[in-house]
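Below is one structure, written out as structure tokens; the observations come after it.
Along the sequence shown, residues are numbered consecutively beginning with 1. Atom set for the values below is all heavy atoms of this structure, side chains included, hydrogens, waters and symmetry mates excluded.
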Amino acid sequence: MDFANRPSPTPDAVIRAANATALALDRTRAEAVQPWLSTIYSALDSLKAVDLGETPPSFAFKSRKSDRAS
């Protein structure tokens with residue numbers, strides 16, 4: 001998957017997102033948050049790119065007594 005086309009969030013977009021969640025965020029704080037949001041998006045994009053193949057979901061895991069640490 002290619003997520004390179006994702007636009008970098010602008011401070012205005014950060015303010016709109018904060019307002020949508022009822023958080024007050026001024027422009028100075030939004031400019032400080034924006035680089036971190038870009039980093040988070042980059043990390044999420046790299047996780048989305050991982051091919052899990054036939055990996056079963058976590059609720060399918062069956063713990064056995066022999067697997068537990070003593």
- request: Provide the closest heavy-atom pair for L25 versus R29 in the form atom of the first, atom of the second, distance.
  value: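 In terms of heavy atoms, the two residues are closest at CD1-CG, 3.2 Å.
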
- request: Over all heavy atoms of both residues, which pair between A30 and P11 is shortest? Give the atoms and the distance, please.
  value: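 Looking at all heavy atoms of both residues, the closest pair is CB-O, 3.7 Å.
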
- prompt: So, do R27 and D12 sit near enough that their side-chain heavy atoms are less than 4.5 Å apart?
  reply: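 Yes, side chains in contact.
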
task: To the nearest 0.5 angstrom, please state how far the OH atom of Y41 sits from the CG atom of L44.
output: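 Output value for this atom pair is 8.5 Å.
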
- prompt: What's the spacing between I15 CD1 and T10 OG1 if we round to 0.5 Å?
  reply: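 If we round to the nearest 0.5 Å, I15:CD1 and T10:OG1 are 8.5 Å apart.
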
- request: Ignoring hydrogens and angles, tell me if any N or O in the side chain of Q34 forms a donor-acceptor pair with the backbone of P9 under 3.5 Å.
  value: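 Yes: the side chain of Q34 pairs with the backbone of P9.
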
